[in-house]
Structure formats: structure tokens, C-alpha cells
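For reference, the structure is listed below as C-alpha cells.
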Amino acid sequence: MHDHNQYHQVACIFYALRESTQHLELWYKIIKAVTHPDMSTHHIHPWFCPTPNTYYYKNTLVKFAYQTPLKQSDSCVTYHASTIKSKPKDIVVKFITDASYGNNAHKKMALLGFIPELFYCGPIKVMDDMPLYGKRLMVVMGYMEGLMLKAALQQRKVPPRFKDDLTQAFEELHGAGYMFGDLQEPNDIVTPDLEGTSMVQLINFN
């Protein structure tokens with residue numbers, strides 16, 4: 001019996017090796033012309049950034065540059081980035097491996113102000129010359145200033161309004177027929193206390 005899944009996996013490995021060697025050969029041809037990034041900033045060095053740096057928004061290809069990981073861990077898959085254009089926009093780029101994301105729930109809660117706007121959710125490979133990434137997805141959303149709930153608790157910066165806003169967020173979510181299945185401190189952000197805005201941002205709809 002032929003194992004077609006194994007054939008596909010082996011083919012993907014050879015494809016990745018071919019693509020890697022071609023990129024490596026090109027890199028060595030132009031390495032002398034490469035300028036080294038400024039290491040005096042607090043931004044993550046490009047050498048340690050993920051390769052994907054483009055997504056589609058309203059049928060327009062958008063390029064971005066990574067700024068810093070949002071988690072101090074080797075396993076971090078979520079980054080603060082900024083778009084590369086005349087008026088750069090701060091964004092959050094996240095990579096997920098389970099090939100599913102609550103797009104509709106995210107968009108619903110974004111309209112209500114409980115999560116930043118969703119700009120893109122789809123395959124990581126958005127251009128023909130990009131390598132394959134299997135079923136992994138890239139999620140791009142707006143960037144929101146604030147503290148992770150864990151940090152806010154440690155610094156005693158959780159305002160009295162937070163509990164009421166969190167309750168309202170879940171009432172709205174459940175009322176729309178959705179549920180938030182991963183309620184934990186890293187998935188909640190405490191935002192600045194601005195009149196007319198929620199102090200809760202839910203950031204994980206995997």
C-alpha cells in the first residue's frame with residue numbers, strides 16, 4: 001500500500017531544501033551589499049524574525065517589518081510589527097498551527113471595541129515565490145497599547161472598571177452565539193482608561 005501522506009511530506013522536505021539553497025546562493029551573491037541593522041534600538045534583529053512579511057488587505061499587498069516579540073520566549077509566535085508605507089501602521093502578527101481561527105467572532109467583537117480590527121487571516125503563503133507552510137495560518141490585527149492582565153495584576157494596575165468591561169465582553173460574545181475558549185491572563189489586555197472605550201481587549205480567538 002502506498003502512503004501518499006508520507007510521499008507528500010518527503011516532497012515538501014525536498015521542496016524546502018531546494019528553495020533554501022536557492023535563497024542561500026542568492027544571499028551569498030549580494031551579502032557584500034547588505035547593510036547591518038542598527039543594533040542600538042530595542043527592535044528585534046531582522047535575522048531573528050520570521051520570514052513571512054506580507055499579507056493582503058482589501059486586495060492590496062501590504063508589507064511589514066517586525067518590531068519586537070510580544071512574549072519573551074523561544075516559542076513566541078506573536079509579534080508587534082509595523083507596515084512599510086508612507087504612513088506606517090502598528091499591527092500584531094500571529095502565527096497559528098491549528099488551521100482554524102474565529103474570524104466571525106473576532107470581527108463581531110472588533111465592532112464592539114473589545115479587540116483590535118482584524119486585517120488578515122489566512123494562509124502564510126500569499127505570493128507564488130514563498131515557501132509552503134502547510135496548514136498554518138497568519139493572523140494580522142491592529143496593535144493596542146496596554147498591559148497583559150498578568151503584568152497589570154503584578155503591578156496592581158487593574159482598574160475597578162476592568163471586571164465590568166470583561167463581563168460585558170463575554171455577555172456580548174455569548175449573545176452573538178460565540179464562546180471564548182481560552183480565558184487566561186496572557187489572552188487579556190488591560191488598556192488605558194479612555195472615556196467611552198472598553199478597558200478589556202481579548203486577543204486570542206484560536
Side-chain angles (χ1 to χ4, degrees), residues 42-44 49-50 52 55-58 62 64-83 85 87-122 124 136-206:
H42 296 291
H43 296 166
I44 185 174
C49 294
Y55 66 93
Y56 273 101
Y57 180 65
K58 295 182 178 179
V62 180
F64 61 86
Y66 294 95
Q67 302 297 324
T68 183
L70 292 179
K71 182 180 179 182
Q72 298 302 317
S73 169
D74 293 339
S75 61
C76 177
V77 293
T78 309
Y79 297 84
H80 174 201
S82 60
T83 58
K85 53 185 180 179
K87 294 182 179 180
K89 178 183 295 185
D90 285 322
I91 57 174
V92 171
V93 180
K94 180 177 182 179
F95 300 98
I96 58 178
T97 59
D98 55 7
S100 64
Y101 188 78
N103 294 24
N104 293 331
H106 186 134
K107 293 176 181 177
K108 170 68 175 179
M109 297 304 284
L111 290 175
L112 297 172
F114 290 110
I115 190 171
E117 180 183 355
L118 181 65
F119 297 131
Y120 177 81
C121 178
I124 300 174
R136 295 176 178 84
L137 299 179
M138 178 170 63
V139 177
V140 182
M141 67 184 79
Y143 177 79
M144 175 65 68
E145 292 288 348
L147 288 173
M148 294 291 185
L149 180 56
K150 181 177 181 179
L153 288 168
Q154 291 173 342
Q155 299 176 28
R156 298 186 178 183
K157 292 184 177 181
V158 180
R161 260 186 58 199
F162 182 83
K163 182 178 179 181
D164 292 338
D165 284 357
L166 184 62
T167 300
Q168 182 186 357
F170 281 106
E171 288 177 348
E172 295 283 0
L173 190 64
H174 295 162
Y178 303 108
M179 64 177 293
F180 193 76
D182 195 12
L183 180 59
Q184 53 179 319
E185 293 171 352
N187 294 333
D188 299 319
I189 292 181
V190 181
T191 59
D193 188 359
L194 301 176
E195 185 177 354
T197 64
S198 169
M199 298 193 68
V200 173
Q201 294 289 298
L202 305 175
I203 58 172
N204 190 352
F205 281 90
N206 289 25

Any chance you could measure [X], atom [atom1], to [Y], atom [atom2], to the nearest 0.5 Å?
X      : Y      : atom1 : atom2 : value
Tyr57  : Thr83  : OH    : OG1   : 11.5 Å
Met109 : Ile115 : CE    : CD1   : 8.0 Å
Glu172 : Leu111 : CD    : CG    : 11.0 Å
Thr68  : His80  : OG1   : NE2   : 8.5 Å
Lys87  : Ser82  : NZ    : OG    : 16.0 Å
Leu166 : Phe114 : CG    : CZ    : 9.0 Å

With side-chain contact (heavy atoms from CB on, under 4.5 Å) as the criterion, how do Leu118 and Val139 come out once you've worked through the C-alpha distance, each side chain's angles and the decisive distance to 0.1 Å?
CA-CA 8 Å; Leu118 181 65; Val139 177; 3.7 Å; yes
Should Lys108 and Leu112 be marked as a side-chain contact (heavy atoms from CB on, under 4.5 Å) after you check the CA-CA gap, both sets of side-chain angles, and the distance that decides it?
CA-CA 7 Å; Lys108 170 68 175 179; Leu112 297 172; 4.1 Å; yes
Any side-chain heavy atom of Val92 within less than 4.5 Å of one from Thr78?
yes
Report yes if some heavy atom in the side chain of Ile91 is under 4.5 Å from a heavy atom in the side chain of Tyr55; otherwise report no.
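Result yes, sub-4.5 Å side-chain heavy-atom pair found.
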Taking every non-hydrogen atom, the tightest pair across [X] and [Y]:
X      : Y      : value
Met144 : Pro116 : CB-CG, 4.0 Å
Ala81  : Phe64  : CB-CD1, 3.9 Å
Met138 : Pro52  : SD-CB, 4.5 Å

When the ring planes of Phe95 and Tyr79 are compared, do they come out parallel, tilted or perpendicular, using 30° and 60° as the limits?
perpendicular
What is the ring orientation for His174 with Phe170, classed by angle as parallel under 30°, tilted 30 to 60°, or perpendicular over 60°?
tilted
Quick one: list whatever passes side-chain contact (heavy atoms from CB on, under 4.5 Å) with Asp164, sequence neighbours left out.
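side-chain contact (heavy atoms from CB on, under 4.5 Å) check on Asp164 returns nothing, list empty.
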